[in-house]
Structures are given as C-alpha cells and as structure tokens.
There are 2 protein chains.
Amino acid sequence: MVMRMNVTIKDVAKRANVAPSTVSRVIADSPRISKETKERVWKAMEELGYYPNAIARSLASKVTNTLGLIMPRSTEEAFSNPFFPEVMRGISVVAHREKYDLLLSTSGNKEEEKEAVIRMVKGKRVDGIILLSSRTTDELIPWLRDEKFPFVVIGKPLDARGVYWVDNDNIGASKLATNYLIKHGHREIAFISGSLEYVVSLDRLDGYKLALEENGLTFKRELVEQEEFSEDGGYRAMMKILERAKPTGVVVTDDVMAFGVIRATIDKGFRVPEDISIVGFNNIPLSAFANPPLTTIDISTFELGIKSAELLIARLKQKEIESDHIIVPVKLIERKSCVSR
Amino acid sequence: MVMRMNVTIKDVAKRANVAPSTVSRVIADSPRISKETKERVWKAMEELGYYPNAIARSLASKVTNTLGLIMPRSTEEAFSNPFFPEVMRGISVVAHREKYDLLLSTSGNKEEEKEAVIRMVKGKRVDGIILLSSRTTDELIPWLRDEKFPFVVIGKPLDARGVYWVDNDNIGASKLATNYLIKHGHREIAFISGSLEYVVSLDRLDGYKLALEENGLTFKRELVEQEEFSEDGGYRAMMKILERAKPTGVVVTDDVMAFGVIRATIDKGFRVPEDISIVGFNNIPLSAFANPPLTTIDISTFELGIKSAELLIARLKQKEIESDHIIVPVKLIERKSCVSR
DNA sequence: CTGAAAGCGCTAACAT
DNA sequence: ATGTTAGCGCTTTCAG
C-alpha cells in the first residue's frame, strides 16, 4: 500500500540538491537561475511528479490568476438569456489567452450578489472582477471603487467616475433603430425596454427620444413601456401598449423580449411586419430564425466580453491604458421584421 | 492618509482578548466555545471589518468550497451551443444552494483541457470536478479515477467502472426518435450525429439501429453521417447524405445541427416537413421558433446540470449515495417538422 | 472551554 | 547564481 504524500517544493529541492527558493525560482522561470540547475530541478520535478499548489502560491504571492465574474441577479436567470453566454464566450477567450481562470459567483438576489463579491474580494480569491451588467441602484460599484479593487463593468454605470467600463453607445444605437423606422415612413413608434433601473434602458430611451425630436415627431408616453427581460415581459408590454395606442413600429431593446412583442402583436390580430414593424436589440442567434426573421441592432456581444476582459487584465498588469472605457460599435442587421409605410 | 493593513485573525484575537485559535473556532461556529466569547469575538470582527481569507483557509484546511467545471474542447465553442449554458444553469442553482462557487477552466484543445484539470486538481483549487461531456478517447477519466479525485461526468463514459455519471438513456432516446418517424410511415430514415468519439453518438446510433431492427427495417450505411456539432456540421452531413440517398425522415442528435440539416434540405430543393421530416435533440429554446418549429427530444438539460452537481456534492459530503449514476428522463416534443407518409 | 505552537506549501526579501 | 529566513492567514493537534 502506497501512502503517497503530496510532493512539495521541499522534496524537489532535496532531490535536486538545491534550496526551496531555487525551486520556486525555477517554477517562475527566473532568468537568474543557471541553465544547469534549472534542468536539474525540472528533472527532479518530473521524477517526483511535482505540481505547484496554486493555493499556497496565491497565499504567498497574493496573486490568483483568476478573474471573478459577477452575474446579474440570479446566476440561474442569467444563463437563460443568450446574451450572457455570449459575453462569457468573449471573456473566456481572453482569459484563456492570458492564462486566467474564471471564478463564477453563484448568487440568487441582490444581497447574495453583494455577499458573493465580498467573498471574492475580501476572500482574496480573485485578482479582478468583471461585473456583467450594472443597475443604477448598484451599490457594488462604489464599494469596489472604495476598496480600490480592480474591476470593470460591462455597461456604463450611472456614476462612471473612477470606474473602468465597456459598453456600446446606447444612445446612438437606439437612435439608429428609431431612425431606421422613421426613414421607413413610421410616425407612431413604440419603445419597449427593460426596467429603468438599468442605465442601458435609460440611455436607449434617451436615444429614442432624441431620434423623435430630431425628426420633428412628438414623444408620447402611451407608446412607451418597461417590463422584465423575458419573452413574457415583451408580451405584456406590447399588450399594454396595444390597448391604448396604435403604433406602426416598435423598438424593443432586447431580442428575447421582441419575440414576446411579436406574439402579442399577432394575438391582437395584427401582422408582423405588414401592420407593425419591429426592431430588436442584441442579434441573438435565435433572431435570425424567428418568424419573421428579426431586424435587430447587433451590439457585438462577443466583443463586449473580449474588451472587458482585456481592459481588466491590462489594468492588472499595470499596462498603459488609453482610456478608462471602451465603446464597442453596433450595427443594424436588416432582416424581415420591418417594412416601409 | 489611511494605511489600511489587512485585518487578520490575529487582530481580531487581540481585540477580543483571545487566542487566534479561538477566533478560528468562532468562525467555524464550534460548539466548544462559550456563548460569551463568541459574542465578544463577533463584535471584534464586526468592528474591525474582518473577513476570512479564503485562500489561507483553503491552504490550512484543504477545502475550497469550489467546484471545477471542465468544458469540452474550447470553452469558446462550448458557449456557442445553448446546451452548455443550460447545463451550467442547473449546476449553478445547486452550487448556490450548497454554497459552492464555480471555477471555470478555459482551455482551447485536448492538451489544454488536460492541463486545466491538472491545474485544478494538483493545484488544489477545487474540491471536485464536473466534466461536461466525455469522449471515448478521454484520458481524463482514468486519470481522475487514479488520482482518487472526486468527479462526476455528464454523459456516460465508455468505461464507467468506478466513475460517477449522469446522463439520459441515450439508446432509448434515440429509439424514441426513430420509432416516432417509423410510426409515421417513414422507411428511409437518415441518422446524423456528432463524432463517434463521443459515447453519446455511439449510443444514439445504437438506438437508431435497434429501432430499425425491431421494425424489420434494414440499416443502410449511406443514410448515416457524422459531423461536428454545429449548424454547418449539420448542413454538410445532410448534403452528403442527399447526394447518395433519398431519406424521407432524419434523426439529428443535436438541434443546432438540425438547423443546418433543414438548410441543406431546402438548398437541395426539398421541403420540410412535406418532403423530409426531421427530429432533433436537446430542445434548445431556438427550436420552438425555427421554421418549421422543430420536433425534438427534450433531454432535460437543466436537470442534467442539477443532478450532476447534486451527485458530486453528495460525494464530497460523504453522504450515502444510492447509485453511482443517475438517469435523467427524456421526452419527445412534437412540433411541426414531421409529417406522416 | 481556551491557549500555544506547529504547520499547510509557497514566495520574497535579504544575504552571500 | 543560490541559500536563509521569515512570513502569507488560517486550522489543528496537543495541552491544560
């Protein structure tokens, strides 16, 4: 029976006839160690099947080589919207390239979310944090800023002073969507978004208003509705609007919601796009296959993930950073859910 | 200027007039500490804003309260298929409930995947591992088994001895899909799956063969094709089949691939379902919105995640485990992509 | 019920 | 170029 104790740096040191610190340096591939000793140490590591203990390493060096990911609200919900996997895909590409692992917090609500962040930061489990979406009411951002802990947020925070963030130009994107409808002859344009708790909703509402204004159209309260980010939310919002107004076009700030909007439109006896044109946001994979295929604003979700990870890692490595934020471009994808009037 | 040193267990001990070990016991809520001391220590922790350093804790106790997630192949690809986010959703629900965090490895290929696992296991960064999909060629499973490291794999491994796993009855599921087509009068049924490197592909191929056999139909090589798990893979597979055979129905073991199959069918001048019926697998959200809406086998992806996490955690907590594997039920979702002949 | 002390496995001054 | 020596912050015998 083999009682296989864990082989540590000491065992390697002994076998290679060097000091533990030398082994440590070899692991870090320090240039101040002679080629010969390195070889000798490598050989010893090989023979003993040595592998560094990352935890001990972290404790001593205060570096974890891992990035914390904070999902919005419940992790469970987050994975339901294709937006998040896509952002994570971007993040994981960069993390992999830069040799970072990813620690996912699993939280269920606002309090737990805060808890999760504290656990990561004070627990010293990560080198930096990416916040996947900011709410205006978020107390996390000031907290992290005060802790002087490196983090970047996806989505421009209300108070962006001293915080690094990555986002689209949401005002511009929303103007783009609205103008598209206006150019196609629409005058009564509805606007459906997620809760105004989210800065992104606020900004897109502004973009919508601006587009109306610049085209001499008047803003009408009854054409605007907020609901939760889900198919059902979109459905409910559109039902409410159709009960009090007659839009010919609608801007919906989330494709998943847009599916609900389409469903509501049909349920109310209208056709898409013949009676009502719809433009969505995010260009999720589903939107190309919807019926009709959805015209939508592609916000480069993948890129949002890429850039946020790059920005965070640049910060961690104390690289020169040009700006404390990055704007990722959007583009309008024309499909079949809009028509001229 | 405040030089805020990290407050440690020692500071708390000093302030509460106890020994560090006592503070440690209070953190663990040991019953051998008097109520009074506990209160005193809690107060001191509160006042100093103390928070345990998880890394130091892990080093000393050899427990991380973290589960490692190993994605198949590249993490990037994984996030492209809705299957994985959905599994992760299930895992995260349980992890959250049981107070575990999730560590995601970011790997790009087979070697890096192995590297990632070693880094997690030998680096002592996680208490257990969930393997999100097994290939027949997987050397990870024997390795983990030999290391006696707790892990569970989603997808029955080829050699399941001594390994814990969670899966559907893939043979049965595939029979279900194939029989459905047979019952609807189809005789020439094609079968498209991912690489036979995956046990799941093998099993589903077996199920398909069994269904044919039990119904007196002969298996034809030219009706079978393997390709990668993507829309494009499905497209290519179907193109190849249509160049040499005339199926009236096809079983595709992945919805994303099924979309490609539909596209190929149309490109070849056939209609779905009038000319060719299609049954998919996974019931991803997209499949309900496809054109036509896809009839598919729902494999309870979310449940797969739930069960795998529960099984792993039960193992970590040395709970009684009834069986070393869990079979999650499937069901057929009838939509519009199939028709009787 | 609590304290003292020895690690956990590694890194990082500081020497040499 | 390499060794010595303290820790990193916590847990855990072992005493008492």
Side-chain angles (χ1 to χ4, degrees), chain A residues 4-42 44-45 48-66 118-127, chain B residues 4-42 44-45 48-66 118-127:
Chain A
R4 183 162 26 130
M5 268 305 291
N6 257 309
V7 12
T8 77
I9 214 172
K10 276 187 184 171
D11 304 320
V12 177
K14 218 166 274 172
R15 176 146 195 144
N17 262 313
V18 293
S21 54
T22 301
V23 178
S24 176
R25 288 182 187 112
V26 173
I27 292 170
D29 203 19
S30 159
R32 328 186 317 179
I33 300 288
S34 76
K35 190 109 187 164
E36 294 75 48
T37 23
K38 270 187 187 173
E39 308 257 272
R40 201 145 38 86
V41 171
W42 280 330
M45 296 195 327
L48 295 172
Y50 169 80
Y51 200 91
N53 179 320
I55 297 287
R57 206 174 219 273
S58 294
L59 182 59
S61 68
K62 282 143 178 26
V63 171
T64 62
N65 278 304
T66 114
I118 295 181
R119 206 166 54 230
M120 281 188 180
V121 174
K122 304 281 254 182
K124 304 276 187 298
R125 310 208 335 127
V126 299
D127 296 340
Chain B
R4 184 164 25 130
M5 267 307 291
N6 258 309
V7 12
T8 76
I9 214 173
K10 277 188 182 169
D11 305 318
V12 177
K14 219 166 273 174
R15 176 146 194 144
N17 260 315
V18 294
S21 53
T22 301
V23 178
S24 175
R25 290 184 184 109
V26 173
I27 291 170
D29 204 20
S30 158
R32 326 187 317 180
I33 300 287
S34 76
K35 189 109 187 166
E36 294 76 48
T37 357
K38 272 188 187 174
E39 307 257 273
R40 202 144 36 87
V41 172
W42 280 330
M45 295 196 327
L48 294 174
Y50 169 81
Y51 200 93
N53 180 320
I55 297 288
R57 208 176 219 273
S58 293
L59 181 59
S61 69
K62 286 150 177 18
V63 171
T64 62
N65 280 303
T66 303
I118 295 181
R119 206 166 55 231
M120 282 189 180
V121 173
K122 304 282 253 182
K124 304 277 188 299
R125 315 222 313 137
V126 299
D127 296 339

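Values below: all heavy atoms of this structure, side chains included; hydrogens, waters and symmetry mates excluded. To find a chain, count down the sequence lines: A is the first, B the second, and so on, and within it residues start at 1.
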Subject >> Residue pair Thr66(B) / Arg125(A), side-chain donor-acceptor N/O under 3.5 Å >> reply: yes
From [atom1] ([X]) to [atom2] ([Y]), nearest 0.5 Å:
X	Y	atom1	atom2	value
Asn17(B)	Thr22(B)	CG	OG1	11.0 Å
Lys62(B)	Asn6(A)	NZ	CG	7.0 Å
Ser34(A)	Arg40(A)	OG	CZ	7.5 Å

Separation of [X] atom [atom1] from [N] atom [atom2], in whole Å?
X	N	atom1	atom2	result
Arg125(A)	dC10(D)	CZ	P	14 Å
Asn53(A)	dG7(C)	CG	P	17 Å
Ile9(B)	dA4(C)	CD1	P	14 Å
Met45(A)	dG9(C)	CE	P	17 Å
Lys10(A)	dA6(D)	NZ	C1'	13 Å
Ile55(B)	dT11(C)	CD1	C1'	14 Å
Lys35(B)	dT2(C)	NZ	C1'	18 Å
Glu39(A)	dA1(D)	CD	P	15 Å

Whether [X] contacts [N] is assessed here as follows: a side-chain N or O lying under 4.0 Å from the phosphate OP1 or OP2. Is that the case?
X	N	answer
Tyr51(A)	dC10(C)	no
Ser34(B)	dT2(C)	yes
Thr22(B)	dG3(C)	yes
Thr8(A)	dG9(C)	no
Thr37(B)	dT2(C)	yes

[X] near the nucleic acid: base, sugar-phosphate alone, or nothing, with a heavy-atom cut-off under 4.0 Å?
X	result
Lys62(A)	sugar-phosphate
Val23(B)	nothing
Ser21(B)	base
Asn17(A)	sugar-phosphate

Original post:
Taking the side chain of Leu59(B) as its heavy atoms from C-beta onward, which of dG9(C), dT4(D), dT12(D) lies nearest to it?
Top reply: dG9(C)
Original post:
If you check the Ala60(B) side chain, which of dT11(C), dC10(D), dC10(C) turns out closest?
Top reply: dC10(D)
**OP:** Check for a donor-acceptor pair, side chain of Thr64(A) on one end and backbone N or O of Asp127(A) on the other, with a separation under 3.5 Å.
**Re:** yes
Subject >> Expected output: side-chain Ser58(A) to main-chain Ala54(A) donor-acceptor under 3.5 Å >> reply: yes
**OP:** For Pro20(B) and for Lys38(B), locate the closest nucleotide of DNA chain C by heavy-atom distance; then report the residue assigned to the nucleotide nearer the 5' terminus.
**Re:** Lys38(B)
Original post:
Val18(B) or Lys124(B): which one's nearest nucleotide on DNA chain C is closer to the 5' end?
Top reply: Val18(B)
**OP:** Provide the closest heavy-atom pair for Tyr50(A) versus Val7(A) in the form atom of the first, atom of the second, distance.
**Re:** CD1-O, 3.5 Å
Close N/O contacts between protein and nucleotides 14-16 of chain D (under 3.5 Å):
none

Original post:
Got more than 12 heavy atoms from elsewhere within 6.0 Å of NZ, Lys38(A)?
Top reply: yes
